[in-house]
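Scroll down for the structure; my scribbles are underneath it.
We name chains A, B, ... by the order of the sequence lines, and we start the count at 1 in each one.
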There are 2 protein chains.
Amino acid sequence: MSEKWELNAVKQYLIEKDIKPSVQRLAVMTYLLEHRTHPTVDEIYSELQDKIPTLSKTTIYNTLKLFVEKKAILALTIDEKMVRFDGYRQRHAHLFCHSCGKVVDVPLEYDVELPQTEETKGFADVETQVYHKGYCKECLETKNLYIK
Amino acid sequence: MSEKWELNAVKQYLIEKDIKPSVQRLAVMTYLLEHRTHPTVDEIYSELQDKIPTLSKTTIYNTLKLFVEKKAILALTIDEKMVRFDGYRQRHAHLFCHSCGKVVDVPLEYDVELPQTEETKGFADVETQVYHKGYCKECLETKNLYIK
DNA sequence: ATCAAATTTGTAATGATTACAATTTTGAAA
DNA sequence: TTTCAAAATTGTAATCATTACAAATTTGAT
């Protein structure tokens, strides 16, 4: 569940992505690399508060925004309530449970390409995300969900 | 751009989906069927205010929520700021411009299936959405975007 | 015509995100 | 090491999409 990352490897990764490392940035990136849970801003903030007592939630927002701009992580809009973040860089899709909000990685066998049509011509910097949305086994078993 | 729908056909469609037709519901569904622009709540509300002077934005929210529950329309979470709605029922993917927020339909040649793995086993009622995100030609040509 | 259920409406609350200004840290140059 | 401007961080206040909720209206069966 929780791969371990060397601080220097994380630092190197940030530098590769043209991001100046700082205590806060290293903590956020390390958290994302070690936790494949697609956390929200609040989850990251709560988890890192202990390690960095002066941490501000605005810093988490700033940092994640920077990481996304620099393409070091992915912002997932799978949950309509809030953005989830993903530091995993291999091609994969995501599965979302409408009931508990859990997001899990699922394999994606091939690239889903943007077709070349009149509409899509000239689009640049396209990144593709595949979302599967439904209800997970645990929620179906433990909650009384009315799924038609 | 704007296919025309008979009121009775829309009414029939709502009934098929187990939705009791009302003036408001017919107006919203007709709007979604005739406009493939993936409008937001505000856009739908603005457009229908003239036709229905007493219309409330809460009604738009209620109506869209009902339509989604009954699977008459799709809620797109492609834009992190707000939900977009789609009344088009054929299989297709979506293309999103980060700069202007435009969402356009693009062909999707095959079903993107949820693979059967330990993690995905037991998931129910899964619906798949494919999002392509980038910058559209118009924005690239008319705005000074720094795309690295 | 009556009346309960369903629907619509308006207002107030919620909560994620952003704006912004102040404070702190960093790192190069003297 | 000291200085100082740029960058990064922080806290607070504002924004704005969405939801909660209660009152008003409409619907449809009797």
Nearest-angstrom distance from the residue atom CD1 of B:Ile52 to P of D:dT25: 18 Å
Would you mind reading off the distance between A:Met82 atom CE and C:dG15 atom C1', rounded to a whole angstrom? 10 Å
Counting neighbours of CD on B:Gln49 that are heavy atoms of other residues, nucleotides or ligands and sit closer than 6.0 Å, is the number greater than 12? yes
Hey, would you say the B:Tyr131 and A:Tyr131 ring centroids sit under 6.0 Å apart? yes
A:Ile60, A:Leu14: one ILVMFWY side-chain cluster at the under-4.5 Å cut-off? yes
In this structure, how many angstroms lie between the C1' atom of C:dA16 and the NZ atom of A:Lys65, rounded? 15 Å
Parallel, tilted or perpendicular, as decided by the 30° and 60° cut-offs, for the rings of A:His38 and A:His94: perpendicular
Taking the six-membered ring for Trp, are B:His98 and B:Phe96 parallel (under 30°), tilted (30 to 60°) or perpendicular (over 60°)? perpendicular
Can you find a side-chain donor-acceptor pair between A:Thr40 and A:Lys81 that sits under 3.5 Å? no
Side-chain atoms of A:Asn62 come closest, of D:dT18, D:dT9, D:dG11, to D:dT9
What parts of residues 18-32 of chain A reach DNA chain C, counting only heavy atoms under 4.0 Å away? none
Hey, would you say the B:Tyr110 and A:Tyr110 ring centroids sit under 6.0 Å apart? yes
With nearest nucleotide decided by heavy atoms, which residue, B:Leu55 or A:Thr58, maps closer to the 5′ end of DNA chain C? B:Leu55
Looking only at C:dT9, C:dA16, D:dA17, the nucleotide nearest the A:Tyr61 side chain is C:dA16
Is the number of heavy atoms from other residues, nucleotides or ligands within 6.0 Å of CD (A:Glu16) greater than 12? yes
Between C:dA19 atom P and A:Lys57 atom NZ, what is the distance in whole Å? 17 Å
The side chain of B:Thr54 is closest to which nucleotide in this list: D:dA17, C:dT17, C:dT9? C:dT9
Write down the distance between CD (A:Glu43) and C1' (C:dA16), rounded to a whole number of angstrom. 13 Å
Separation of D:dT18 P from B:Arg84 CZ (nearest whole Å): 10 Å
Grab the two heavy atoms, one from A:Gln116 and one from A:Lys121, that are nearest each other, plus how far apart they are. OE1-CA, 4.4 Å
Spacing of B:Lys81 atom NZ relative to D:dC16 atom P, expressed in whole Å: 10 Å
Nearest-Å distance, NZ (A:Lys51) to P (D:dT9)? 17 Å
Bend angle of the helix from C:dA1-D:dT30 to C:dA30-D:dT1 from five-pair axes at both ends, rounded to 10°? 20°
